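Everything on this sheet refers to the single structure shown next.
Numbers restart at 1 for each chain; the letters A, B, ... are given by sequence-line order, proteins then strands. In this text the structure is predicted, and so the values were computed from the model without any measurement.
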Amino acid sequence: MAGEEPDSENSEGKKKLERWLNKGMKIQMTDGRTLIGVFLCTDRDRNVILGSCEEYLRSPDSGKKEDPRILGLAMIPGYHIVSIHVDEDRAPGQSVM
Amino acid sequence: METKEETAMDNRPTYNWVDITQEFVEASSDLQLGELLHDSTFGLFEAMSAIEMMDSKMDAGMLCNQIQRKVLNFSDSTESGQLKIKELSIPELIGVMDATMACMVTWLEGHSLAQTVFTNLYLHNPYVIEDRCLKAFSLCTLKIVDHIRDRVNRAGVFEEEDFQTMTYGFKMAGDVTDVRVTGMMKELEEDLHRTLKTTRSKQGEERDAETEKEHFLTSTLFSRVKFHRLFYAMLLSFSKEKCEGIPQSQKIVVQLQELIPTIRDTLPVGVQPEQKELSKNDYPTIMGFEPLVNQRLLPPTFPRYTIIKSREAALEYMETLLNRLMVVTTVPQMTSLHTVLDTFKDFSKTSPCVLSRSILQLTLLPPNKRVFGVNSIVDFLKETIRGFIAPPALSPKSSLFNNPQAKTYVDAWFMQAVRPICTLIQTTGHNRARQRDKWGHLLEDLSALQEEADKVDAYLHQQLVKTEPNRQHLACLGNWVLYHTLQAMISYLLSGFELELYAPYEYHYIFWYLYEMLYSWLINTLHRADNFLLEHETIADNQQKGRNNKKNKKKKRTKTLNKEITMAQAEQHMFGGYYKAVLGLRLDGKLVYPSFEFDSEEVQYSHRFLPFTTVSTPPYIHYAQYKEMSDLKRYEPEASAQSLYTASCKCFHQAKALLESMSTANEEIQTLIKVAKTNFVVMKLLMGGHKKDSNEPPDFDFSQHKVYPVMKLM
């Protein structure tokens with residue numbers, strides 16, 4: 001796979017990203033939708049892949065309950081990401097679903 | 001940092017969100033260009049299958065695909081008063097009924113339930129509907145949908161393009177019995193009938209306009225209620241065990257057919273949607289329908305737009321469906337697999353819908369896997385084979401019949417035959433485009449079955465000659481399997497014409513394979529079977545009458561394959577005609593093989609006949625062999641375009657004569673005669689040097705017949 005050479009000097013940023021892998025993640029997109037899923041993959045341009053992803057039309061914080069749409073595996077282009085939240089209390093490897 | 005504890009009211013997980021936007025941006029910028037950060041279990045393959053957000057084609061939820069207006073579900077719209085659940089006017093009821101039928105037909109053509117039938121809000125919760133007519137109709141519709149879904153699923157002759165099985169968790173009125181729903185509809189019908197009686201014109205009595213109108217509207221509603229009740233009753237009786245409901249179904253189909261014109265004439269009575277332009281996945285509807293109510297239920301694939309059929313088109317669909325179901329009712333009279341297969345293949349040629357295909361399959365082989373729900377498949381096969389080749393092993397007069405060892409082998413082989421034969425029947429039930437693939441796969445099964453048959457035949461022969469040295473059993477059961485193998489191979493090749501897969505420059509080897517190989521094998525197979533039949537009859541006659549009665553020697557044979565043989569010969573000559581014509585055209589420079597940089601005729605040839613490589617009899621002809629066998633230098637004197645046209649002309653003439661000699665001249669044969677005649681004339685013209693200087697390729701016109709083209713000179 002391109003660029004997968006074992007980079008032994010794991011930089012600070014990379015370690016951080018690896019710590020977030022498989023955790024719940026909430027991403028707000030430029031069009032106002034919110035996606036919640038498991039963080040699976042990213043690259044230098046912040047393109048993010050979320051697994052078991054759900055789509056909310058409004059921010060879940062807005063108080064109004066809405067039924068999410070199940071998306072499954074979704075890739076969010078970096079330049080469409082407004083904010084990223086991670087679900088911190090969860091043990092790594094545990095799925096949100 | 002921002003932390004927010006969400007209190008989950010239901011079983012949703014609680015999150016402890018921490019904003020990491022800035023951190024994430026910084027961290028990810030540490031990655032190399034093209035480097036992916038992921039777990040060991042997640043690879044590029046998984047990454048590829050992710051849907052891309054904010055891509056207008058893939059992202060169904062994107063703003064441009066979203067609808068700005070408020071979409072109300074059933075309870076919202078009843079509360080807001082936009083959806084009436086009582087006191088609907090008759091035109092409103094009729095509108096709902098006709099629109100529902102249109103939705104159902106659209107569903108039957110391969111769209112999802114969520115985007116079709118369940119855009120009807122009433123079906124989401126029929127129990128709270130207060131209008132008696134609408135409630136009964138809604139429950140009946142749910143029952144129909146559920147029943148159809150079950151039947152189509154059981155028959156298993158659909159692919160994703162034919163039928164969507166997802167129910168999205170909708171309730172299909174499972175707690176209401178068939179009897180209850182039918183009863184509700186019946187009651188409704190009777191009430192409407194009473195109104196009709198009181199409002200109809202009586203002799204010497206003037207009706208006022210009001211009554212007249214009421215009468216008309218009631219009769220309009222009456223015909224629809226009756227149609228839906230009968231439609232459900234028809235489906236139920238088709239699915240009765242042991243085909244017991246078939247006579248009943250036949251009656252109902254006729255009744256339904258009679259109702260169609262009335263419904264068609266009164267389509268404008270129902271309320272119609274307003275004419276207004278909306279976006280691509282939204283369309284105007286009447287009260288009770290919301291195209292987008294289930295938008296959230298759709299799978300996360302790219303958005304699929306469902307265009308609901310018009311009410312006229314839906315009715316047309318129903319009419320065709322009913323005509324096809326009429327054919328289905330004739331099936332239980334058939335006693336041989338071969339007649340069944342012919343009927344099924346003819347049925348399939350009209351590209352029937354998934355529902356009629358499923359009902360046809362289930363009529364022959366219902367879930368209990370007995371033929372017409374009564375006879376075992378093995379017995380049915382034995383009867384068929386007796387009629388085709390009369391194997392000594394299946395004749396009660398033969399010594400083999402009571403040989404226990406032979407019996408064990410024969411029975412074991414028949415058990416083995418059941419599965420491939422069921423697949424064969426099922427293949428004819430699939431949609432036309434998918435059948436080609438299925439024929440190809442079937443060849444593997446048939447080939448294995450044939451090998452077994454040859455072994456059993458060899459053993460039976462060995463036993464038979466011990467007691468009846470003049471008889472033989474070699475290539476007997478095997479010959480029957482071979483017959484089906486050849487039929488499957490022919491179906492495979494012919495479907496390529498129908499699906500428009502072959503280019504004219506490929507025709508020569510396709511025609512050659514059909515003419516020289518498959519049909520000549522088929523004819524041999526049929527002759528062989530016919531000889532067995534003859535032998536069987538002679539022996540039976542001799543045993544019956546003894547030697548003193550020779551008067552009836554010339555008596556007419558009861559079982560013969562003459563019809564099949566003549567048909568196969570006619571078809572062989574047709575393809576012979578095409579083959580020779582194509583060769584002549586090539587020599588004349590009218591059909592040129594285009595030069596491809598990365599392709600060759602050999603590659604194309606091998607690709608076309610790939611599934612045939614799995615079959616051992618008839619052996620696969622490799623390209624080199626084909627080249628050798630079809631080499632024109634083998635002819636003395638070497639063939640010219642002229643002589644090939646003459647030969648082709650003869651073939652078409654022969655085909656025509658054979659077809660005309662057939663006693664049953666159905667539509668198919670009539671068409672073939674016409675095609676053969678036209679091609680005969682075209683060849684005559686070519687022989688006479690017509691358009692000799694033209695290098696234009698001829699046109700192969702498939703408009704008269706999907707497989708046998710009419711050649712046209714350009």
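In this structure, no portion of A/Leu50 lies under 4.5 Å from any heavy atom of chain B. With a 4.5 angstrom heavy-atom cutoff, A/Val82 touches chain B only via backbone atoms. In this structure, chain B has heavy atoms under 4.5 Å from both the backbone and the side chain of A/Leu40. With a 4.5 Å cut-off on non-hydrogen atoms, B/Ser49 touches chain A through its backbone and its side chain both.
Here the CZ atom belonging to A/Arg46 is positioned 12.0 Å from the CG atom belonging to B/Leu31, to the nearest 0.5 angstrom. To the nearest 0.5 Å, atoms CD (B/Glu35) and OG1 (A/Thr42) are separated by 10.5 Å. A distance of 4.5 Å separates CG in B/Asp39 from CG in A/Asn22, rounded to the nearest 0.5 Å. Rounded to the nearest 0.5 Å, atoms NE2 (B/His38) and CG (A/Asp43) are 10.5 Å apart. To the nearest 0.5 angstrom, B/Trp17 atom CH2 is 10.5 Å from A/Glu88 atom CD. Rounding to the nearest 0.5 Å places OG of B/Ser28 at 6.0 Å from CG of A/Leu17.
Between B/Glu26 and A/Lys16 there is no salt bridge, since no side-chain N of the basic residue sits under 4.0 Å from a carboxylate O of the acidic one.
For the residue pair A/Met25 and B/Phe24, the shortest heavy atom distance occurs at CE-CE1, 3.8 Å. The two residues B/Ala27 and A/Gly13 come nearest to each other via the heavy atoms CB-O, 3.5 Å. Considering every non-hydrogen atom in both A/Lys14 and B/Leu37, the closest pair reads CG-CD1, 3.7 Å.
For an aromatic pair to be called close, the ring centres must be under 6.0 Å apart, and A/Phe39 with B/Phe42 fails this.
With a 4.5 Å cut-off on side-chain heavy atoms, A/Trp20 and B/Ile20 count as touching. Side-chain contact between B/Glu52 and A/His80 is absent, with no heavy-atom pair separated by less than 4.5 Å. Using a 4.5 Å heavy-atom cutoff, the side chains of B/Val18 and A/His85 are not in contact. With contacts defined as side-chain heavy-atom distances shorter than 4.5 Å, the pair A/Leu71/B/Met53 qualifies.
Residues in residues 103-115 of chain B take part in these salt bridge (charged side-chain N to carboxylate O under 4.0 Å, His left out) pairs, two or more places apart or across chains: B/Glu109-B/Lys309.
The closest donor-acceptor contact from the side chain of A/Ser83 to the backbone of B/Thr21 lies at 3.5 Å or more, if one exists at all. The backbone N or O of A/Asp87 lies less than 3.5 Å from no partner atom in the side chain of B/Asn16, so there is not a single donor-acceptor pair.
Across A/Ile81, A/Leu73, A/Val48, the residue that shares the most heavy-atom pairs under 4.5 angstrom with chain B is A/Leu73. Highest contact tally toward chain B, considering only A/Ile49, A/Val86, A/Leu35, A/Asn47, is held by A/Val86 [criterion: heavy-atom pairs under 4.5 Å].
Under the salt bridge (charged side-chain N to carboxylate O under 4.0 Å, His left out) criterion, A/Asp45 pairs with no residue at all, not counting sequence neighbours.
Atom CZ of B/Arg154 has 12 or fewer heavy atoms from other residues, nucleotides or ligands within 6.0 Å.
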